[in-house]
Amino acid sequence: MAREATARSSSGDGVETLAHASAFGGGPPPPSQAEPVISNARLGLMMFIGAEVMFFAGLIGAFLVLRLSSEVWPPPAQPRLPVWITGFNTVVLLCSGLAMHRASLAARLRDRLRLSGWLLATAVLGALFLCIQGYEWVRLIGFGLTMRSGLYGSTFYALIGLHGLHVLGALVWVGVVWFLARQGSYASDQAAGVELCAMYWMFVVALWPVLYGLVYLY
Amino acid sequence: MSEAAASAHADHGHHEPAGFWSHYVFSTDHKMIGRQFLFLGLFMLIIGGTLAMLIRWQLAWPETEVPGMGWVPEPTMYEGIIPPNTYNMLFTMHATIMIFFVVMPVMVGGFGNFLIPIMIGAKDMAFPLLNMLSFWVGAVAGVIMVASFFVVGGAAAGGWTSYTPLTGDAVFTGVNWGINLWVLSLFVLAFSSLMGSINYITTVINMRAPGMTYFRMPLSIWSLFITAILLLLALPVLTAALGMLFFDRVFATNFFLPAGGMPLLWQHLFWFFGHPEVYILVLPAMGVTSDILSVFSRKPIFGYRAMAYSMIAIAFLSWIVWGHHMFLSGMNPLLGTAFMLTTMVIAVPSAIKTFNWLGTLWGGSIRFTVPLLFAIGFVSNFVIGGLSGIFMASTPVDIFIHDTYFIVAHFHYVVAGIIFAMFAAIYFWFPKMFGRMMNSTWGIVHFIGTYIFFNLTFFPMHFLGVGGHMRRIYNPMQYEYLEQFGDMNVFITISAFLLAISQIPFIVNFVWSLFAGEKASENPWEANTLEWSAPSPPPHGNFATTPQVYRGPYEYSVPGVEEDWLPQDRPLGAAAATGH
Ligand code: HEM
Ligand SMILES: [Cu+2]
């Protein structure tokens, strides 16, 4: 069984020197190892966002099934969700997305001052979004809407809360990138650190209007 | 060796970690992580197998004392007698462990890690650190799952499918923390799989050696690549459902409870994940089987592209068939018919694969090695399991056989049949993984015992099922119409015990070969793929120089070539001639 690979070992030395030679007669010349179109880190983050999309798709699917099979929605004798304030909050979050866009432009132009400025703006707007949402939650709980007040409460807190957690996580990331940007980490050669963070921030921003539309308006 | 190669060697040599901890425990080397996953899975296989034996004892000799189990404290067992709650726990944990902690760690974690970089000619994964984390997070999930046996009330007892409302509230099963920990463990495992799948996909897309185009990748890599995509997209849906289940159990919400919520929703979410999951389990097995069949038939795989495309087709179709698990859930019959049709369609690519395996063997100069025997064993089990799947897919038949032992027979032929591919892969890559050969005589003994007793165990279950023997039933002898099956149950149980005993040669062979097996050469099987041009076992960084790939992986018995194999990285023609 352990038959020696004789031919292989006899040509073993030759193979190494030939590693860079082109293949005559071995079909078309093999493509050389080019730089990947999308860098590892970016590709990895795209996968991660893909998984996140499926996670929220699961939750949203569950929400829709539960909501469509309920006779009245929102149930009577339950507080209404604050449509207008949250609408304002949606604008806040969208603005933070815009700020992040400007930040990544600044990163590409190696404009250190603008970069940290726009990152700070992103973070402040994101934090404002969370604060307004927290304030609304406190009020809703005061009115008696909790996780246990039927499907209305549980789906609301699950969907909005999990999105909030993602915003919080992304906010920490923005904070770190802002800190590094102030120290000049992205000045010289790579804007990639900023761009990855921007990509993830855009994801949590883009997810929000969907949730707002489904949970608050629909 | 040329100077460039020598310096490259010295260069990666100094990255190699020297300490015990960084080499064996917190290693970032894909090969070590692959071995760690393999050992984790084999260890859990022993636990899962023991649970199966206990289940079988109860079915053959209900409510009698299990020999050697007298020490288990009450209320888990009463002087060795299994009570109903414990029986529920046994089959739940058996299945959970087998699926999530045996097949997934070994096939996806173990062979995925070991094979992906080296078969595409890369030095390591795209994210080695993430890879290490993936293993350790997975190990923590395993510890949580095993720990759940020891909490008050015992481990989860709601079936591996954990249907609500049964599992939605502790009062229904009497298991509180057991199921909470079950949920938690799978939740943690999801992070492990997430990290793993991101790594696999990125590595396959970005790290292939020069010349390694997608359609020169071995089918093992194709299968693991597609598996990783399914894992990436399917597992988060389970995670979302587990989150809601956890809320129901711990914070008294009502997502899946009849009081306001919707129990059936769990089934939809679970099986939306669950059907892609069964392909996550089986695709890597199909991939390694394809490679092994081709190597030992000394023939190119029959229909390479068709194999790759049918896996892609399976990956797409697996998202729209989940309802075939729910024909009897009170679903709209029209919807049921739709699911029946999609399920029938997914049988087509599966059949294509089977015929291509047979086509590969056909007319080959077959070398009957142990890996080949197990690979053929996998194919033959897959044929039986695939055919019984067609019965179940047609709704009128399924009404009759749903939740009977027919189902148990079916999924063991496919899911437990994966164990054959697992053994094939272990025997095949053991020389590369550990640098030594496994003993082939004992391997053949292992194969014969496993193959015979596997079939004697699971084939009669079809008859039980058609005879109306329910699945997940504590004591079939309570039913007069099942009394006639008493003898058959005893027969099955004895076969199952013999199946377990047949694994002893494997364990001995494995451990013995690890330390004392015959030293393996670089390419003991005379195979083409890149891992066989690296030393056995490959050093840190795998290759002295990045290999250059000239052709596909299945060039066996090429006319005009002296030997009957032609490695992917060997230049041919004028270049080779001047090289000699
Ligand atoms: C060692 C050989 C094995 C034996 C003798 C065995 C036996 C059994 C038995 C008796 C049941 C209970 C059926 C019932 O009453 O519902 C069962 C359930 C199950 N087994 Fe196995 N099994 C084996 C290996 C495996 C493997 C390797 C896997 C998967 C990789 C597996 C997956 C399952 C699943 C998914 C269930 C369903 C559990 C449930 O109903 O929730 N089994 N097995
Ligand atoms: Cu299915």
Side-chain angles (χ1 to χ4, degrees), chain A residues 1-27 29-34 36-41 43-45 47-48 50-59 61-62 65-66 69-70 147-148 150-151 153-155 157-158 162, chain B residues 1-2 5 126-127 194 197-198 201-202 205-206 209-211 213 232-237 239-241 243-244 247 251-255 260-262 265 268-269 369 437 440 518 520-524 526 544-551 562-563 567 569-576 579-580:
Chain A
M1 185 168 20
R3 211 175 304 166
E4 265 306 320
T6 41
R8 181 90 190 88
S9 53
S10 67
S11 69
D13 288 342
V15 171
E16 237 125 30
T17 45
L18 279 167
H20 304 286
S22 64
F24 299 103
S32 65
Q33 193 174 30
V37 185
I38 306 173
S39 75
N40 283 355
L43 196 58
L45 187 64
M47 308 285 154
F48 181 65
E52 293 262 59
V53 167
M54 288 307 287
F55 178 71
F56 278 98
L59 291 171
V65 169
L66 292 171
S69 60
S70 304
M147 195 83 194
R148 295 185 192 192
L151 285 178
S154 9
T155 51
Y157 286 108
L162 282 167
Chain B
M1 192 183 276
S2 74
F127 309 107
L194 178 65
S197 52
I198 288 177
I201 299 171
T202 311
I205 293 180
N206 273 357
T213 58
L232 182 82
L233 300 178
L235 223 57
V237 179
T239 314
M244 287 186 269
F247 280 147
F251 302 115
T253 55
N254 280 332
F255 289 107
M262 214 178 138
L265 176 61
H268 280 293
L269 290 173
T369 58
M437 307 296 296
S440 64
E518 181 197 342
S521 64
E522 208 172 73
N523 188 3
E526 305 181 332
T545 50
T546 305
Q548 169 79 53
V549 177
Y550 296 96
R551 61 185 68 78
E562 200 181 324
E563 312 87 14
D569 61 342
R570 184 190 299 168
L572 255 196
H580 276 284

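Computation of the quantities below employed the complete heavy-atom set of this structure, encompassing side-chain atoms and omitting hydrogens, waters and symmetry-equivalent molecules.
Chosen from B:Leu269, B:Val237, B:Leu265, the residue pairing most often with chain A at heavy-atom distances under 4.5 Å is B:Leu265. Contact count versus chain B (heavy atoms, under 4.5 Å) is highest, among A:Gly50, A:Gly150, A:Ala62, A:Ser70, for A:Ala62.
Between B:Phe255 and A:Ala158, the shortest heavy-atom distance links the atoms CZ-CB, 4.0 Å. When every heavy atom of A:Leu151 is checked against every heavy atom of B:Gly260, the shortest pair comes out as CD1-O, 2.9 Å. Between A:Ala51 and B:Leu194, the closest heavy-atom pair is CB-CD1, 3.4 Å. Nearest heavy-atom pair, A:Met147 versus B:Phe247, reported as atom, atom and distance to 0.1 Å: CE-CD1, 3.7 Å.
Going from atom OG1 of A:Thr155 over to atom CG of B:Asn254 covers 11.5 Å, rounded to the nearest 0.5 Å. Of the inter-residue distances, the one linking A:Asn40 atom CG with B:Ile198 atom CD1 reads 12.0 Å to the nearest 0.5 angstrom.
Of the atoms belonging to B:Leu232, heavy atoms from both backbone and side chain fall under 4.5 Å from chain A. When heavy atoms are compared at a cutoff of 4.5 Å, A:Ser154 approaches chain B by way of both its backbone and its side chain. Contacts of B:Ala252 with chain A are made by both backbone and side-chain atoms, with heavy-atom separations under 4.5 Å.
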Practice prompt. Decide side chain to side chain contact (heavy atoms under 4.5 Å, CB included) for A:Val65 and B:Met262; before the verdict, give the C-alpha distance in whole Å, the side-chain angles of both, and the deciding distance to 0.1 Å.
Written response: CA-CA 9 Å; A:Val65 169; B:Met262 214 178 138; 3.5 Å; yes
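Between the side chain of B:Asn206 and the backbone N or O of A:Ile38 there is at least one donor-acceptor pair closer than 3.5 Å.
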